[in-house]
2 protein chains.
Amino acid sequence: MQISSRFSVAVHVLSLLALQQEDDVLLTSERMAGSVNTNPVVIRRLLGQLKKAGLVEVRPASGGTFLTRQPAAISLLDVYRAVEVVEEGQLFSVHDKPLQACLVGRNIQAALDTTLLRAQNALEQVLAGVTLQQVTTEILLQDKQAS
Amino acid sequence: MQISSRFSVAVHVLSLLALQQEDDVLLTSERMAGSVNTNPVVIRRLLGQLKKAGLVEVRPASGGTFLTRQPAAISLLDVYRAVEVVEEGQLFSVHDKPLQACLVGRNIQAALDTTLLRAQNALEQVLAGVTLQQVTTEILLQDKQAS
DNA sequence: CCTTAGTGTAACTATTGTAGTTACAGCTGT
DNA sequence: ACAGCTGTAACTACAATAGTTACACTAAGG
């Protein structure tokens with residue numbers, strides 16, 4: 001099963017925030033939803049998670065959302081964790097209650113555990129090594145190349 | 001969202017096959033289901049996938065399933081791919097059809113792509129580095145330590 | 001001060017993937 | 001031939017995702 005698109009949507013939204021111009025019109029959930037191509041409520045729910053993680057500040061009433069840190073200080077792992085794609089250490093789900101009377105049954109979990117954690121860790125470390133800053137730089141670069 | 005337990009069940013089943021004694025009674029889907037603590041049909045479906053991937057041979061009628069290769073020649077990545085936990089290169093799902101009129105919208109996918117592939121690759125390489133042999137060795141070791 | 005635009009959230013729906021279960025046809029070794 | 005097992009279809013239950021409507025709440029600006 002796939003990792004929820006909440007993660008890629010979150011990176012999208014944060015990129016919008018990172019690139020927003022001072023003089024620009026406010027980035028409301030409706031605007032962001034337009035860019036992502038989804039429903040404003042989906043964005044607001046997401047912003048709630050990002051806010052809880054301390055990545056953004058949301059002005060309640062007449063709108064506006066802002067990053068609380070520099071884009072260079074936000075890693076994709078921060079985002080990944082913020083949107084709770086997976087509980088920590090739970091990327092792989094393991095069948096529970098194997099037969100304890102069986103050699104394999106009573107030891108498989110412990111035998112697999114380290115490997116699964118290492119695998120998950122390897123993935124997360126890649127995300128930890130990329131910042132929002134790098135993503136927006138890449139966005140600008142891609143756009144220049146395409147034109 | 002979590003990676004399906006099909007993967008850990010598959011490793012469990014393959015471990016049973018790797019450790020099965022010649023003189024032992026046949027490993028039927030019912031027996032394996034007992035050890036895993038699930039339904040025989042779930043096991044048979046799984047064996048179907050492992051068979052398709054060429055990892056096991058199933059004797060159709062009066063039972064019995066066997067590995068087609070040495071445990072040392074089967075990596076956890078082989079198993080992971082066999083049970084189709086995720087399509088190749090599709091661990092992360094990305095929201096589709098972002099707004100092309102928007103700078104971020106039209107470049108986010110390309111900008112994220114490399115990173116997501118690298119992350120997924122890092123995970124898979126860990127799995128590629130562990131063999132079924134190592135798992136069964138670990139199972140025996142764990143059991144000795146517990147007793 | 002009150003209007004207004006936007007947020008926060010509940011509630012519901014549709015869709016998808018997982019997992020368990022029953023049922024039964026098909027195969028094969030003895 | 002038959003007993004025992006596999007292969008698979010069909011159904012159920014359940015959980016997560018994602019979209020949508022609706023509406024109470026909040027604060028900034030006239």
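Convention: sequence-line order gives letters A, B, ...; per-chain numbering from 1.
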Residue pairs, two or more places apart or on separate chains, that pass salt bridge (Lys or Arg N to Asp or Glu O under 4.0 Å) and touch [range]:
range	answer
residues 40-62 of chain A	A/E57-A/R59
residues 102-116 of chain A	A/R106-B/D143
residues 2-12 of chain B	none

Remaining members of hydrophobic cluster (4.5 Å side-chain criterion), A/M1: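 Under the 4.5 Å side-chain rule, A/M1 groups with B/M1.
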In this structure, how many angstroms lie between the [atom2] atom of [N] and the [atom1] atom of [X], rounded?
X	N	atom1	atom2	result
A/I43	C/dG6	CD1	C1'	14 Å
A/Q2	C/dT18	CD	C1'	15 Å
B/Q90	C/dG17	CD	P	12 Å
B/L27	D/dT6	CG	C1'	14 Å
A/F92	C/dT18	CZ	P	14 Å
B/K52	D/dG7	NZ	P	13 Å
A/F66	C/dG6	CZ	C1'	13 Å
A/R44	C/dA5	CZ	C1'	11 Å

Listed nucleotide nearest any side-chain atom of A/M1, set D/dC5, C/dG17, C/dT7: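 Ranking D/dC5, C/dG17, C/dT7 by closest atom to the A/M1 side chain puts C/dG17 first.
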Co-membership, hydrophobic cluster, residues B/L27 and A/L99, 4.5 Å side-chain: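 Looking at the clustering, A/L99 is in a separate group from B/L27.
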A/Q125: partners by side chain to side chain contact (heavy atoms under 4.5 Å, CB included), with sequence neighbours left out: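 By the side chain to side chain contact (heavy atoms under 4.5 Å, CB included) rule, A/Q125 matches A/A128.
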Residues which pass side chain to side chain contact (heavy atoms under 4.5 Å, CB included) with A/A111, listed by chain and number, not counting sequence neighbours: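 A/A111 satisfies side chain to side chain contact (heavy atoms under 4.5 Å, CB included) with B/E138, B/I139 once adjacent residues are dropped.
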Of all pairs that satisfy ring-ring contact (aromatic ring centres under 6.0 Å, His included), the ones with a partner from [range], not counting sequence neighbours:
range	value
residues 83-134 of chain B	A/F7-B/F92, A/H12-B/H95
residues 99-138 of chain A	none
residues 115-144 of chain B	none

Backbone N/O of B/S5 and side chain of A/S93: donor-acceptor pair under 3.5 Å: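 Flag set: sc A/S93 to bb B/S5 pair under 3.5 Å.
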Five-pair end axes of the helix from C/dC1-D/dG30 to C/dT30-D/dA1 and the angle they enclose, rounded to 10°: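 For the helix from C/dC1-D/dG30 to C/dT30-D/dA1, the axes at either end differ by 10°.
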C/dG8 OP1/OP2 closer than 4.0 Å to side-chain N/O of A/K51: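 So the side-chain polar atoms of A/K51 do come within 4.0 Å of the phosphate oxygens OP1 or OP2 of C/dG8, strictly under.
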Any A/S29 side-chain N or O less than 4.0 Å from OP1/OP2 of C/dT7: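 So the side-chain polar atoms of A/S29 do come within 4.0 Å of the phosphate oxygens OP1 or OP2 of C/dT7, strictly under.
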Between protein and nucleotides 18-21 of chain D, what N or O pairs are separated by less than 3.5 Å?
unit_1	atom_1	unit_2	atom_2	d
D/dA18	OP1	A/S5	N	3.2
D/dA18	OP1	A/S5	OG	2.5
D/dA18	OP2	A/S4	OG	3.0
D/dG19	OP2	A/T38	OG1	2.6
D/dG19	N7	A/R45	NH2	2.9
D/dT20	OP2	A/N39	ND2	3.4
D/dT20	O4	A/R45	NH1	3.4

Which pairs, protein N/O on one side and nucleotides 25-30 of chain D N/O on the other, fall under 3.5 Å?
unit_1	atom_1	unit_2	atom_2	d
D/dA28	O4'	A/S62	OG	3.3

